[in-house]
Colleague: 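I am attaching a structure below and will ask some questions about it afterwards.
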Protein chains: 2
Amino acid sequence: MSLRMALLTLIAGQPRSGYDINREFDGVLMFVWHAKPTQVYPELKRLAADGLIREQDEGPRGRRPYEITQEGLRTLREWLTTTSADHSQRNETVLRTFALWTVEPAEAQAFLREELEYHRARLRGLRVLQKGLDLDRPADRAALLGLEAGVRRLEAAASWAEWALGVVATWPSTTAPEQDTG
Amino acid sequence: MSLRMALLTLIAGQPRSGYDINREFDGVLMFVWHAKPTQVYPELKRLAADGLIREQDEGPRGRRPYEITQEGLRTLREWLTTTSADHSQRNETVLRTFALWTVEPAEAQAFLREELEYHRARLRGLRVLQKGLDLDRPADRAALLGLEAGVRRLEAAASWAEWALGVVATWPSTTAPEQDTG
DNA sequence: TGGAGCATGTAAGACGTTACATGATTTA
DNA sequence: TAAATCATGTAACGTCTTACATGCTCCA
């Protein structure tokens, strides 16, 4: 259900084609929602068939931009005000962390260093995007909040990885299990 | 693929039945991984058929606890060391945030207050769990890192919601659009 | 003119959820 | 002895991914 709402949210902000949406799913929205092109295009057709979005005139290079309809906007508002958010998440970084005790501390540290680097790089990207917003546009004012959520999450993830690296440094090797020194 | 790894991770930490695992997916692991009982039970059967886990003697009340095998542990280590984590995420709270400009500021604030309360409540729960860990057990040492990741994420989410409430307070009503006062 | 990227799609299969089913054990 | 909870499952359906297909346009 939420893929529909993700598409409506993007198109409500400004008219977009499937291709535009796919680029967002690969970029900014990677930490919010994502879908493959093969899922996006048929869903856009369905939204149009249901009257929630409308195909605009074909743009350059065969683009098919969609705009939101009154009915689409109404559906989006209803979703926001009458249903509550699903808080269940899937986070592979944390899942792997729970299994880290099964590998050598050196391997665990390699994993954490990779995570640290990844989150730092993403953080830089988000901050650039945040500066590009036009706060006179209501949709961009909301995007500011959304991007700030991403920035704070990435900062938390990066500082966690740094902290975890220090903790793992104190772990005994798995092949030479801990022994008391008494 | 990662559901298998989530199950292996849990069972590697200590033997567990499907029921145990379902309770974890509903509780601690809600921000890490989740699956419904109807997906968990068949997957456990498959893992056992593949020799990655082994059914122990039937416990009280018809419980069927599984323990990890050497082959299962080897598979888990290989996953950790030879593949890298998928960082794509789905976060309905942030998705909804991008659409918040379509509703009245008062409705947006109600949403943010609900989020704030939710994250604060979860945070308290995680901190209790973290205190219950036995750091002499390697699996619990890894769990400490995992739970800390959750704590930091929830802290970030709560402080973001507080900040966002302040920002939304400055938004003009959608029915009475902004006008310059000059 | 040939390669990279633009832009949209179909089909098959894997993964995940919802609805439903079953029986045992503990507690009131 | 009735209700709540424990504990495991099947079937149908919906969502998402992977593999494959097509043609256009920009740039070197």
Side-chain angles (χ1 to χ4, degrees), chain A residues 1-8 10-11 15-27 29-50 53 55-66 79 83-92 95, chain B residues 1-8 10-11 15-27 29-50 53 55-66 79 83-92 95:
Chain A
M1 206 62 221
S2 282
L3 172 62
R4 280 175 93 81
M5 297 309 150
L7 297 177
L8 281 183
L10 285 168
I11 293 167
R16 292 175 214 253
S17 67
Y19 189 80
D20 293 334
I21 289 168
N22 290 322
R23 282 214 323 273
E24 310 250 29
F25 277 150
D26 279 348
L29 263 59
M30 204 191 186
F31 74 100
V32 180
W33 208 264
H34 60 93
K36 300 284 159 79
T38 50
Q39 197 185 3
V40 169
Y41 291 113
E43 192 65 45
L44 287 172
K45 290 279 176 198
R46 255 173 263 135
L47 282 165
D50 293 348
I53 60 176
E55 217 173 304
Q56 293 182 322
D57 293 339
E58 189 165 312
R61 288 165 150 254
R63 289 159 88 90
R64 302 166 164 281
Y66 292 90
W79 173 64
T83 68
S84 59
D86 176 7
H87 291 98
S88 65
Q89 307 245 324
R90 287 192 170 90
N91 183 321
E92 206 179 307
L95 174 60
Chain B
M1 203 63 222
S2 282
L3 172 63
R4 281 175 93 80
M5 297 307 150
L7 298 177
L8 281 182
L10 284 168
I11 292 167
R16 291 174 214 255
S17 67
Y19 189 79
D20 293 334
I21 290 168
N22 290 323
R23 283 215 321 273
E24 311 251 29
F25 277 150
D26 278 348
L29 263 58
M30 205 190 186
F31 74 99
V32 179
W33 208 264
H34 59 94
K36 300 284 158 84
T38 48
Q39 197 184 4
V40 169
Y41 290 113
E43 192 65 46
L44 287 171
K45 290 279 176 196
R46 256 173 261 134
L47 281 165
D50 294 349
I53 61 177
E55 218 172 304
Q56 292 181 325
D57 293 338
E58 188 165 312
R61 289 166 150 257
R63 290 159 87 89
R64 303 165 164 280
Y66 292 91
W79 173 64
T83 66
S84 58
D86 176 6
H87 291 98
S88 64
Q89 307 245 325
R90 286 193 170 91
N91 184 321
E92 205 178 307
L95 173 59

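In what follows, every heavy atom counts, from backbone to side chain, and hydrogens, waters and symmetry copies are set aside. Order of the sequence lines fixes the chain letters, A, B, ..., with proteins taken first and strands second; residue numbering starts at 1 for each chain. Predicted model, so just to flag it, every value in this text is computed and none were measured.
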Colleague: How many whole angstroms separate atom CG of Asp26(A) from atom C1' of dT17(D)?
Modeller: 14 Å

Colleague: I need the CE-P distance between Met5(B) and dA14(C), as an integer number of Å.
Modeller: 16 Å

Colleague: Is Arg4(B) touching bases, backbone alone, or none of the nucleic acid, heavy atoms closer than 4.0 Å?
Modeller: nothing

Colleague: Within the 4.0 Å heavy-atom criterion, would you say Arg61(B) contacts the bases, only the backbone, or no part of the nucleic acid?
Modeller: base

Colleague: Any side-chain heavy atom of Val32(B) within less than 4.5 Å of one from Arg90(A)?
Modeller: no

Colleague: In terms of the nearest nucleotide of DNA chain D, which residue is placed more toward the 5' end: Ser17(B) or Glu43(A)?
Modeller: Ser17(B)

Colleague: Quickly work out the Asn22(B) CG to dT8(D) P distance and round it to whole Å.
Modeller: 8 Å

Colleague: What is the distance, to the nearest angstrom, from the NZ atom on Lys36(B) to the C1' atom on dA21(C)?
Modeller: 18 Å

Colleague: Report yes if some heavy atom in the side chain of Trp33(B) is under 4.5 Å from a heavy atom in the side chain of Leu3(B); otherwise report no.
Modeller: yes

Colleague: Closer than 4.0 Å, any side-chain N/O of Lys45(A) to the OP1 or OP2 of dG9(C)?
Modeller: yes

Colleague: If I take atom CE in residue Met1(A) and atom C1' in nucleotide dC16(D), what distance separates them, rounded to the nearest angstrom?
Modeller: 16 Å

Colleague: When the distance from CG of Asp86(B) to P of dC16(D) is rounded to whole Å, what number comes out?
Modeller: 14 Å

Colleague: Donor-acceptor pair, Asp20(B) side chain versus Ser17(B) backbone, under 3.5 Å?
Modeller: yes

Colleague: Give the rounded distance in Å between these two atoms: CE of Met30(B) and P of dG16(C).
Modeller: 16 Å

Colleague: To the nearest Å, give me how far apart OH (Tyr41(A)) and P (dT22(D)) are.
Modeller: 17 Å

